[in-house]
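Encoded as structure tokens, the structure appears first; notes follow it.
Protein chains get the first letters and strands the later ones, always in sequence-line order, with residue 1 at the start of each.
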Protein chains: 2
Amino acid sequence: MAANSRLTVAVHVLTWMALVKGRGRDVVTSDQIADSVNTNPVVIRRSLGELRKAGLVEALHGAGAGWRLLHEADAITLLDVYRAVETEPLFALHRAEPNQKCPIGAGIRPALEEVYDGAEAAVRSTLGGTSIADVLRGTLAGRAG
Amino acid sequence: MAANSRLTVAVHVLTWMALVKGRGRDVVTSDQIADSVNTNPVVIRRSLGELRKAGLVEALHGAGAGWRLLHEADAITLLDVYRAVETEPLFALHRAEPNQKCPIGAGIRPALEEVYDGAEAAVRSTLGGTSIADVLRGTLAGRAG
DNA sequence: CGGCGATGTAACTATTTCAGTTACGACACC
DNA sequence: GGTGTCGTAACTGAAATAGTTACATCGCCG
């Protein structure tokens, strides 16, 4: 389970919500989404909870409860989703502190961090160039849109 | 993301080898490298084994055995290292196949793959722009070079 | 006001991965 | 043949993921 599928699940959730919203249904339940993603509703609610904290969706309570998109599909980029669900950096540094008595051990971490920051910036830039609307179009067309 | 430190360890290994090679010692043992990385020699040998398969280092046997860089430090990019040690994609797709009866479930995976491929290409491009010599300079200077 | 349907979360489990460790055979030089 | 190192298998502990059960909570509706 090297890489996690949180970004995939969250994008799937939002893309599905965008699709059914286009069909006139703008409040949906975690059970309905779970049926499309093919997983447990709790997994979906966990994902929606992160998206809610990021201000991308809202939860409604009481009768007719469920979830609603807070922005248009073309105003949500995959970078927004990435920021909402991904906490860890792309590449981890040493698990244990390297030998500080060695010039490499003492100085390599900031050097690596600079390179890793550049790689993450490149990823964010790529994700920022694709919206949920793009994914929806690509999904229905068989391409990324 | 359960990010691993394989890239970090492998870059550390090569950077250290480049440093000591500059000091005239071009055959080193996994024990010596492990002392700088602050880990077990077997972890280093596993990393070196992947770098050997990638053609970046060679192993010597018999008396005076050890490892040797096969290229100059400025001819090895972090992309070469990334390719050598990283097998999994940056982002995982669904763990279980999504619902094929749903238009999103049926079509989202190729759409996502296209975006993910773009992100990976961006990472590779960034890593390709930095060499072990750059990391060595940055490590000794307190920057990435 | 009580029932209902959904959210929100805690708690537990199975699976997987990572990295550290021990152990030992293989190898090539002396 | 002895020695030092590689090369790798096997095991362990720790952590993360995602799936699951369970249940308190919330707010409308009859």
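- Between B:P89 and B:E120 the shortest side-chain heavy-atom distance falls below 4.5 Å.
- Here the side chain of B:A63 is nearest to one of C:dA23, D:dA22, C:dC30, namely C:dC30.
- Among C:dA6, D:dT20, D:dA22, the nucleotide with an atom closest to any side-chain atom of A:A65 is C:dA6.
- Contacts of B:G66 with the nucleic acid, taken as non-hydrogen atoms under 4.0 Å apart, involve only primed sugar atoms and P, OP1 or OP2.
- With C:dC18, D:dA18, C:dT7 as the choices, the nucleotide that has an atom nearest any side-chain atom of A:S5 turns out to be D:dA18.
- When distances run from any side-chain atom of B:A59 to the nucleotides C:dA23, C:dA19, D:dC6, the shortest one goes to D:dC6.
- For A:N40, the side-chain atoms get nearest to D:dT20 when compared with the rest of D:dA18, D:dT20, C:dG8.
- One finds a side-chain N or O of A:R52 lying less than 4.0 angstrom from the OP1 or OP2 phosphate oxygen of C:dG8.
- When rounded to the nearest whole Å, the span between CG of B:D35 and P of D:dT5 equals 14 Å.
- The nearest heavy atom of DNA chain C to B:E86 and to B:H61 marks one nucleotide each, and the one closer to the 5' end goes with B:E86.
- Remark: P of D:dA18 and CG of B:L93 are 12 Å apart, rounded to the nearest angstrom.
- The local environment of CD in A:E58 is crowded, with over 12 non-hydrogen atoms from other residues, nucleotides or ligands closer than 6.0 Å.
- Remark: C1' of C:dA19 and CG of B:N4 are 10 Å apart, rounded to the nearest angstrom.
- Straight-line distance from the CG atom of B:L48 to the P atom of C:dA19: 15 Å, rounded to whole Å.
- Using a cutoff of 4.0 Å between basic side-chain nitrogens and carboxylate oxygens, A:E50 and A:R46 are not scored as salt-bridged.
- Remark: P of D:dT8 and CD1 of B:I44 are 16 Å apart, rounded to the nearest angstrom.
- What separates CG of B:D31 from P of C:dT22 is a distance of 13 Å, to the nearest Å.
- For A:L93 against B:S5, the heavy-atom pair with the smallest separation is O-CB, 3.3 Å.
- A chain of hydrophobic side-chain contacts below 4.5 Å, direct or via other Ile, Leu, Val, Met, Phe, Trp or Tyr residues, connects B:Y82 to A:L112.
- Residue B:T29 places none of its side-chain N or O atoms closer than 4.0 Å to OP1 or OP2 of D:dT5.
- A:R6 has its CZ atom 12 Å from the P atom of D:dG19, to the nearest Å.
- Not one side-chain nitrogen or oxygen of B:T39 sits closer than 4.0 Å to the OP1 or OP2 atom of C:dA19.
- A sub-4.0 Å separation between OP1 or OP2 of C:dT7 and a side-chain N or O of A:S30 is present.
- One donor-acceptor pair, N or O on each side, does fall under 3.5 Å between the base of C:dG20 and the side chain of B:R46.
- Atom CG of B:N38 is separated from atom P of C:dA19 by 14 Å (rounded to the nearest Å).
- Taking the side chain of A:V42 as heavy atoms from C-beta on, and the options D:dG19, D:dT20, D:dC6, the nearest nucleotide is D:dT20.
- Using a 4.0 Å cut-off between charged nitrogen and carboxylate oxygen, B:D26 and B:R68 count as a salt-bridge pair.
- Checking C:dA19, D:dG19, C:dT9 against every side-chain atom of A:R45, the shortest atom distance belongs to C:dT9.
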